[in-house]
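See below for the structure under consideration.
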Amino acid sequence: SPHKYHAKGDLIYAAGLLSAKLPGARPRATAPVQRQGGLMQKLLNERTMVLMGLFLIGSGLYASTFAQSFSNVATAQSPVFFPRIILMLWMGLALIALVQAMHQNEASAPVASLGRVALLLVTSVVYTNLIGHEGFFLPSVVFAAMSLPLFGIRNPIVVALYAVVVPGALVLLFNHMLSMPLPVSRFTHLF
């Protein structure tokens, strides 16, 4: 019957229609999805490219922690102790997701926009470099406000709330409750 989904492609199409109805999500184009292919086809899709980018950024940031003058301290008192743990988790999760994406036999959509992927990678690098100079809160608000629309969340209220509430909650948690300060702004010591 026309209301039942029999093929895997129909399920993917139906899931795309359902996800397009989520609040704040933009509707996706229903372009035909390419079926299984070789290694290059698995590598040249948006998901694997973003995951490779996330893994490489995490690896670069992790390597940069060893270039710091205080990185010789091997205790939990070192300012790079917790960032190294977080970066190792980041790299591990990105690698696990990348391996899963490579082993999936499901159809993978081609890269919708290389410009969007490149913009996300550039904003990630700029964001991580700004944290040391401008503190955690302000660059995080700007980064969230720029990256959420790249992921399809276009509702300005959702973007504004997420961009302010999540970094604010992290500053409140780390700076004021756990006494493990995140970098603060040069404009105020509160955030």
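Numbering of residues begins at 1 and proceeds along the displayed sequence. As the structure is a prediction and not an experimental result, all values here were calculated from the model.
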What distance do [X] atom [atom1] and [Y] atom [atom2] have between them, rounded to the nearest 0.5 Å?
X: L150; Y: L120; atom1: CG; atom2: CG; answer: 6.0 Å
X: L172; Y: L178; atom1: CG; atom2: CG; answer: 9.5 Å
X: L87; Y: L89; atom1: CG; atom2: CG; answer: 9.0 Å
X: Q100; Y: T48; atom1: CD; atom2: OG1; answer: 13.5 Å
X: L119; Y: S124; atom1: CG; atom2: OG; answer: 9.0 Å
X: N155; Y: L148; atom1: CG; atom2: CG; answer: 11.0 Å

Any link between [X] and [Y] through a network of hydrophobic side chains (Ile, Leu, Val, Met, Phe, Trp, Tyr) touching at under 4.5 Å?
X: V158; Y: V166; result: yes
X: M177; Y: I86; result: no
X: M88; Y: F55; result: yes
X: V164; Y: L161; result: no
X: V141; Y: L173; result: yes

Checklist entry - According to the salt bridge (charged side-chain N to carboxylate O under 4.0 Å, His left out) rule, which pairs have a member within residues 86-104, sequence neighbours left out? => result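 Not a single pair qualifies under salt bridge (charged side-chain N to carboxylate O under 4.0 Å, His left out).
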
Checklist entry - What heavy-atom pair brings L51 and A101 nearest, and what distance separates the two atoms? => result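 For L51 versus A101, the nearest heavy atoms are CD1-CB, 4.2 Å.
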
Checklist entry - Looking only at heavy atoms, which two atoms of P149 and A144 are closest? And how far apart? => result CD-O, 4.3 Å

Next on the checklist: Checking one residue: V142. Which other hydrophobic residues are in its cluster under the side-chain 4.5 Å linking rule?
Outcome noted: M146

Item to check | Remaining members of the apolar cluster that contains V122, side-chain heavy atoms under 4.5 Å | outcome: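 Answer for V122: V126, L130.
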
Checklist entry - Just one of Y162, F143, F136 clears the side chain to side chain contact (heavy atoms under 4.5 Å, CB included) bar with P167, so which one? => result F136

Checklist entry - Is a side-chain donor or acceptor of R84 paired with a backbone partner of T65 at a separation under 3.5 angstrom? => result yes

Checklist entry - Donor-acceptor pair, W90 side chain versus L54 backbone, under 3.5 Å? => result yes

Item to check | Residues Y127, S140; criterion side chain to side chain donor-acceptor pair (under 3.5 Å); working and verdict | outcome: CA-CA 7 Å; Y127 166 67; S140 296; 2.7 Å; yes

Item to check | Whether over 12 other heavy atoms sit under 6.0 Å from I157 CD1 | outcome: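 Counting neighbours around CD1 of I157, 12 or fewer heavy atoms of other residues, nucleotides or ligands fall under 6.0 Å, so no.
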
Item to check | Verdict with reasoning, L182 to F137, per side-chain contact (heavy atoms from CB on, under 4.5 Å) | outcome: CA-CA 9 Å; L182 295 170; F137 182 73; over 6 Å; no

